[in-house]
Amino acid sequence: MRLDGQVALVTGAGRGIGRACALAFANAGADVVVAARTTSELEDVRGDIMAVGRRCAAVPTDLTEESQVNRLADEALAAFGGVDVLVNNAGVAIHHAVPDIPTDVWDLTMAVNVRAPFLLTRRLWDHMVERGGGCILNVASVSGKRAGAGNATYSASKYAIIGFTESLSKAGREVNIRACAVCPGPVATVMRAGNNPTEDPTGILTPNDIAELALFVATRPARVVLQEAVMELNPSWSG
Ligand SMILES: NC(=O)c1ccc[n+]([C@@H]2O[C@H](COP(=O)([O-])OP(=O)(O)OC[C@H]3O[C@@H](n4cnc5c(N)ncnc54)[C@H](OP(=O)(O)O)[C@@H]3O)[C@@H](O)[C@H]2O)c1
């Protein structure tokens, strides 16, 4: 599964699933643009990517700001001449009972989890078409397949990104752009630990599990439609 000569742009690449995807893609031969807000984490991942011999541009970005999202896309194009694989991975998961959901939490969640992927896709779509095609991976969640009582905001955002991805997949078929919603179950990351502080992180999926899935999806040939990739934790597994 190789991405030699290709350019990947990964949001939320400073840690967790995004970092694992950025490193997996670099190890598969891609040059990588990494984005998030925390510059120290971005510099760290940039160092690891360059250590495997690939080029990396680290672009500090707050994805809630449209101007910064557009600048990220433009800097990726300027640095490497195009983007072949866009990974909309950055996300937030802030849970409240429905009557207590603050409006700003709803808006933030939609801005990071749904609006930013839309903005980046819109900015890069025509460039991908001119390049002959590309691949868009939107990191959704199993929470976009089934909602629980306590995660209405997060689930709504993930259902939305899965719907957006299905539309992209259909729109992309004529122009050789493949789009896939990657839907992980529980993964041992800062986000997961923040919402599940008593959970044993060694008993759930790893960021590398998801990165391997993302690399598999990104390296499928153009004839393959793979619109959704769900990776669950086996509830019977006990280490
Ligand atoms: N962990 C799980 O169990 C799980 C399961 C299913 C799906 N997912 C999805 O997987 C994706 C990655 O999650 P994770 O668990 O790896 O989370 P994480 O460890 O918290 O990492 C999230 C990344 O997103 C970035 N980010 C958040 N807000 C941002 C903003 N406003 N602008 C730019 N970057 C921002 C963070 O960087 P900064 O804070 O530095 O900006 C960080 O790099 C998310 O879409 C999440 O919903 C996770």
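Since the structure is predicted, the reported quantities are computational estimates derived from the model, not experimental observations. Note that ligands are numbered from 1 as they come in the structure, with each ligand's atoms numbered from 1 the same way. Residue indices begin at 1 and follow the sequence shown. Side chains included, hydrogens not; waters and symmetry mates left out as well; all remaining heavy atoms used.
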(request) Considering the heavy atoms of Gly91, write down every atom of ligand 1 situated less than 4.0 Å from one of them. (result) 24 (O), 27 (C), 44 (C), 45 (O)
(message) As an exercise, identify every atom of ligand 1 less than 4.0 angstrom from a heavy atom of Arg192.
(response) 1 (N), 3 (O)
(request) Out of Asn89, Ile17, Thr39, Val69, indicate the one that has the non-hydrogen atom closest to atom 11 (C) of ligand 1. (result) Asn89
(request) State if Ala188 counts as touching ligand 1 under the rule of any non-hydrogen atom under 4.0 Å. (result) no
(request) May I ask whether Pro186 places a heavy atom under 4.0 Å from ligand 1? (result) yes
(message) Donor-acceptor pair, distance only, cut-off 3.5 Å: does the side chain of Thr109 make one with the backbone of Tyr154?
(response) no
(request) Answer yes or no: are there more than 12 heavy-atom neighbours, outside Tyr159 itself, under 6.0 Å from its atom OH? (result) yes
(request) Using a 4.0 Å heavy-atom threshold (strictly under), name the region of Leu205 that reaches ligand 1: side chain, backbone, both or neither. (result) neither
(message) Under a 3.5 Å threshold, yes or no: a donor from one side chain and an acceptor from the other, between Asn138 and Thr165?
(response) yes
(request) Sequence neighbours left out, what pairs pass salt bridge (Lys or Arg N to Asp or Glu O under 4.0 Å) with at least one residue falling in residues 176-195? (result) Arg192-Glu199
(request) Applying side-chain contact (heavy atoms from CB on, under 4.5 Å) between Val7 and each of Leu86, Asp84, Val32, report the one that passes. (result) Asp84
(request) Please lay out, stage by stage, how Thr202 and Asp200 fare under the test side chain to side chain donor-acceptor pair (under 3.5 Å). (result) CA-CA 5 Å; Thr202 66; Asp200 175 4; 2.7 Å; yes
(message) For ligand 1, which is the ligand I care about here, please tell me if Thr64 has any N or O atom under 3.5 Å from one of the ligand's N or O atoms.
(response) no
(request) Please state which part of Lys158 comes within less than 4.0 Å of ligand 1, counting heavy atoms only: side chain, backbone, both or neither. (result) side chain
(message) Could you check whether any heavy atom of Ala111 sits closer than 4.0 Å to an atom of ligand 1, since that is the contact criterion I want to use?
(response) no
(request) Check each heavy atom of Ala140 against ligand 1 and say whether those closer than 4.0 Å belong to the side chain, the backbone, both or neither. (result) backbone
(request) Please state which part of Thr38 comes within less than 4.0 Å of ligand 1, counting heavy atoms only: side chain, backbone, both or neither. (result) both
(request) Work out which heavy atom in Leu77 is nearest to a heavy atom in Gly82; give both atom names and the distance. (result) CD2-CA, 3.6 Å
(request) Taking the side chain as every heavy atom from C-beta outward, state whether Lys145 and Glu228 have any atom pair closer than 4.5 Å. (result) yes
